[in-house]
Amino acid sequence: LTAQDEAGNTSEPTRINNLRVDRTPPQIFSQATLPYVLANSGIHPYATTLSYRLANPKSETLNSKQIQNSNDQNINVRIKIYNENTGKLVETINNAPNLPAGQAGSTTDDNKIAWTAGSSLPKGAYKFQIIAEDDLGNQSIAYASCVKDGIAPVISFPSEDNQEIS
């Protein structure tokens with residue numbers, strides 16, 4: 001390997017040994033919203049919690065050989081929330097929780113984000129796009145969804161002219 005500056009000066013050749021390119025993205029799994037159906041009732045109307053887990057693989061297979069990855073990379077997480085009916089982006093959450101599953105000292109393996117589909121957002125389906133990227137730019141994407149409902153259930157039954165039901 002040699003380097004050359006703008007003036008044309010060239011460095012002495014240097015040999016690079018053991019160069020490896022890391023193309024292994026972080027993993028996102030166990031993503032879900034709870035509750036899935038957001039109702040206009042309770043203490044927090046139209047609220048849900050997105051939870052997901054992250055992992056930074058410790059090894060990968062390359063040319064039939066098991067190779068150890070450096071597991072000390074940060075995982076940066078961004079979440080985009082879309083209205084599935086219109087495709088419109090309604091919110092972006094940067095710097096979302098990024099604790100890898102099973103990390104020493106963690107009290108939980110789940111990363112959680114509380115979200116409220118306020119009164120300004122229409123009823124319908126919403127999709128959470130979870131984007132995890134490591135320090136080397138390897139990226140993975142996963143999805144979870146929820147439904148904003150505003151119609152209270154109605155109990156109905158057939159009856160005949162003031163017939164009493166017990």
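Being a predicted model, the structure only gives us computed values, none of them experimental.
- Taking OG1 of T2 as the reference point, atom CD of E12 lies at 10.0 Å (rounded to 0.5 Å).
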Practice prompt. Take T116 and H44, measure what side-chain contact (heavy atoms from CB on, under 4.5 Å) needs, and give me the verdict at the end.
Written response: CA-CA 8 Å; T116 301; H44 303 289; 5.7 Å; no

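- Ring planes of Y126 and W115: tilted class, angle from 30 to 60°.
- Side-chain contact between I75 and E133: absent, with no pair of heavy atoms (C-beta onward) separated by less than 4.5 Å.
- For N95, the CG atom counts as loosely surrounded, since its 6.0 Å shell holds 12 or fewer non-hydrogen atoms of other residues, nucleotides or ligands.
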Worksheet entry | Steps toward side-chain contact (heavy atoms from CB on, under 4.5 Å) verdict (F128, C146) | CA-CA 8 Å; F128 293 79; C146 66; 3.7 Å; yes

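- Under the 4.5 Å side-chain heavy-atom criterion for ILVMFWY residues, a single connected hydrophobic cluster contains both I113 and I130.
- At a threshold of 4.5 Å between side-chain heavy atoms, the hydrophobic network of Ile, Leu, Val, Met, Phe, Trp and Tyr places V90 and L38 in one connected group.
- In this structure, OG in S11 is found 7.0 Å from CG in L1, a value given to the nearest 0.5 Å.
- Contact of the Q139 side chain with the P25 side chain is not registered, since no non-hydrogen atoms from C-beta on lie closer than 4.5 Å.
- The main-chain N or O of K88 is found under 3.5 Å from a side-chain atom of T86 such that the two form a donor-acceptor pair.
- If you take NZ on K148 and CG on N40, they are separated by 8.0 Å, rounding to the nearest 0.5 Å.
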Discussion item. Show, in sequence, the C-alpha distance, side-chain angles and deciding distance for T49 and L34, and conclude whether the side-chain contact (heavy atoms from CB on, under 4.5 Å) test is met.
Written reply: CA-CA 5 Å; T49 299; L34 189 63; 5.5 Å; no

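- No side-chain heavy atom of Q4 sits under 4.5 Å from any side-chain heavy atom of N9.
- Within the 4.5 Å cutoff, the side chain of P122 has heavy atoms near those of the N83 side chain.
- One finds no salt bridge joining D149 and K123 here, because no Lys/Arg side-chain nitrogen approaches an Asp/Glu carboxylate oxygen to under 4.0 Å.
- Here the OG-CD1 distance, from S145 to I81, works out to 12.0 Å after rounding to the nearest 0.5 Å.
- Nearest heavy atoms, Q31 versus Y143: CG-O, 3.1 Å.
- Considering CD1 of I131 and CD1 of I79, their distance stands at 9.0 Å, rounded to 0.5 Å.
- Atoms CG and NZ, on L89 and K80 in that order, are 6.5 Å from each other to the nearest 0.5 Å.
- Results of the side chain to side chain contact (heavy atoms under 4.5 Å, CB included) test with Y52 over T33, D110, N111 single out N111 as the only residue that passes.
- Taking the side chain as every heavy atom from C-beta outward, Y82 and Q129 approach each other to under 4.5 Å.
- In this structure, the side chains of P26 and L54 stay at 4.5 Å or more apart for every pair of heavy atoms.
- Placement of L121 and I93 within a single hydrophobic cluster is found when ILVMFWY residues are connected by side-chain heavy-atom separations under 4.5 Å, directly or transitively.
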